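Before any comments, here is the structure.
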Amino acid sequence: MSLLITKSHRWLSVPIGIQLLIWLGTGLYLSLFSNDGPALKIQKPQGIEWQVYAGKLYPVNQLPVKKAESIQTVLLAGKPVYEVILYSQPHNYQPRQVRLFDAVSGQPFSIDKQWAKAIALERYSGDAALSKIELEQSSGGLLPKQKNAYWSAYFDDSALTYIHIDQQSGRFLTASDEHRRFVALMFKLHFMDYWDTGSFNHPLLIIVAVLALAFGLSGLAWLIMLLKAGRFTVRLGALHKIDVLVANNNQNVTVQGRKNTTLLTTLTQNQLQLPAKCGGGGTCGTCRFYTQSSLPAQPAETHLISHSELAAGCRLACQHAAHSVDSIIVKDMATQALTLQVSRAQYITPTIKEIAFKVTGGNLQKFNAGSSMQFSIPGGKRRTVPVDIPSRWRSYWAQFDAQTVSYKSTTRSYSIANYSGECDELIFTIKWQCNTTTQKSGGAGSSYLCSLAPGESVEAYGPFASFAERAYQPGAKVLIGGGSGIAPLRALIYEALIQNSVSHQMIFIYGARNEEDLCYSDEFEHLAKRFENFTYLPTLSSPSPAWQGHSGYVQQLTRQHLNFDVFNSANFYLCGPAPMLAEVKSLLLSQHIEPQQIYIDSFNTNEVKNESNS
Ligand code: FES
């Protein structure tokens with residue numbers, strides 16, 4: 001329903017917007033300039049002394065006319081003429097039949113070019129010469145409504161005056177000039193009378209009125225939806241200016257933030273998106289900026305940022321208020337949102353949905369494997385359990401209490417599961433997180449993205465290379481992941497094996513709950529057969545009795561299986577749930593792996609421990 005409303009509103013805005021501009025432009029012109037033209041150079045015809053014709057007029061009853069609506073004597077350029085109206089309608093422009101007779105001789109009489117010229121000159125009050133006179137057929141020329149042929153006489157004055165004479169009766173129809181002709185065009189556009197109906201009640205105007213009503217109502221409905229979703233909030237407090245130098249495109253921007261709003265939120269509100277994988281939770285370390293202000297390092301920063309980086313002024317934007325800095329430098333920042341449209345979506349495990357997006361708005365930059373996108377998640381009411389789960393996995397979701405929960409608008413980061421050269425889509429593996437009483441915003445991102453149907457769109461910033469940039473190193477690789485944390489690892493594996501044809505050893509240790517939860521197992525088994533230097537080691541914490549592979553957690557398998565003497569100089573890439581990351585990291589450190597050999601793609605937030613890819 002919401003998609004129908006927003007799409008209708010967007011499409012209706014095109015014709016209504018165009019017509020609104022036309023109304024505005026023509027209305028302004030008509031009110032400001034329509035009376036500014038020169039006076040029309042037209043005069044009344046001169047009369048004659050009718051006594052001159054006393055007793056000389058031809059008897060009307062002897063005219064060769066059997067039946068007429070009316071007969072009257074008129075003067076045409078000083079000549080008395082009988083005008084016999086055989087057929088007429090209320091308006092002069094409607095079809096009519098008229099015959100003329102010389103009122104003295106009784107001879108039929110017609111308005112030829114000479115007579116039209118004489119009549120036009122009699123009515124013209126200027127002193128310019130007649131430049132042209134021509135016969136216009138009905139429904140053409142300068143009088144589109146006219147249904148009878150008429151003469152148009154053009155005068156060579158500065159206003160370009162012209163006079164129209166009815167060809168049957170010789171009557172003066174109208175006169176105009178260039179200014180009045182332009183005013184008439186403005187009237188036509190203003191009243192949308194494109195078919196010259198001469199009425200305000202034409203069908204086009206009625207249709208546009210109905211469309212405008214639909215446009216207004218859909219806009220109102222959309223506004224109510226946005227208000228309900230918390231997209232409009234009133235913020236109070238003094239504004240503080242911050243100069244931002246965006247190093248990745250050498251751009252200088254000044255933003256304004258409210259006191260007590262975090263720098264990360266302030267940047268986001270100003271359409272400057274830093275990578276923020278944990279959504280501001282202070283656990284991912286991606287929202288980095290540099291400052292020369294002496295900002296005290298927060299506990300999260302001393303934990304996530306090296307001493308040398310801290311000394312260089314590196315801080316986390318989610319840990320400081322906007323008013324604590326006057327100028328900052330950021331290395332990796334998106335200043336333009338992309339529009340991503342779902343091209344396909346399917347559950348690949350009971351909880352993980354593979355969603356592929358096409359970029360339909362904005363320019364997608366080439367990205368390294370391991371990059372992530374930051375999605376703008378609107379607020380609104382959503383279900384806590386999916387509705388489109390395949391029937392074979394419904395029993396898993398039966399254990400959860402299905403509710404409807406209100407979410408505030410937020411942002412969520414997800415790693416891209418493919419590499420740049422694999423296809424023209426962005427693929428994500430998103431785990432549906434259940435909202436619980438202790439994790440009130442749990443599922444805000446996953447419930448929204450997993451509910452998008454093919455064809456629906458969402459805005460996202462990126463790709464951000466914070467993990468990819470640090471993770472892409474030559475040499476042997478050990479990749480350790482769990483759950484939907486498979487996304488950046490899959491991209492790294494494919495890029496290394498398929499695109500870069502690396503020859504060094506690669507081991508992928510992947511943990512899941514049971515056979516159903518294993519993602520892309522067939523793909524990795526196929527790669528392991530195809531590439532001798534690639535080993536795939538899945539392990540299950542709760543396997544079925546039929547499982548013949550490794551059992552237990554990835555940290556156990558890593559400890560048991562990995563020969564640390566052989567892999568002591570390898571690089572380790574970790575992505576998965578927070579407890580898994582912590583245990584694997586401490587295992588690696590205990591095996592004398594240097595911290596700089598360990599690359600962690602952490603999406604875990606303080607508030608939403610298991611949101612995003614993990
Ligand atoms: S967003 Fe700041 S540490 Fe994750």
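Numbering of ligands and ligand atoms starts at 1, following listing order. Computed from a predicted structure; not experimentally measured.
Every residue two or more places apart in sequence or in another chain that forms a salt bridge (charged side-chain N to carboxylate O under 4.0 Å, His left out) with E523 is listed here: R490.
Aromatic rings of F400 and W397 (six-membered ring for Trp) have centroids within the 6.0 Å cut-off, being under it. Annotation: F428 is in aromatic contact with F357 [ring centroid separation under 6.0 Å]. Between F572 and Y599, a ring centre-to-centre spacing not shorter than 6.0 Å is recorded. Aromatic ring centres of Y494 and Y520 lie farther apart than the 6.0 Å criterion allows.
Here atom 4 (Fe) of ligand 1 has protein N, O or S atoms under 2.8 Å from it, and they come to 2.
Considering L587, L588, L589 as possible partners of Q591, the one that fulfils the side-chain contact (heavy atoms from CB on, under 4.5 Å) test is L587.
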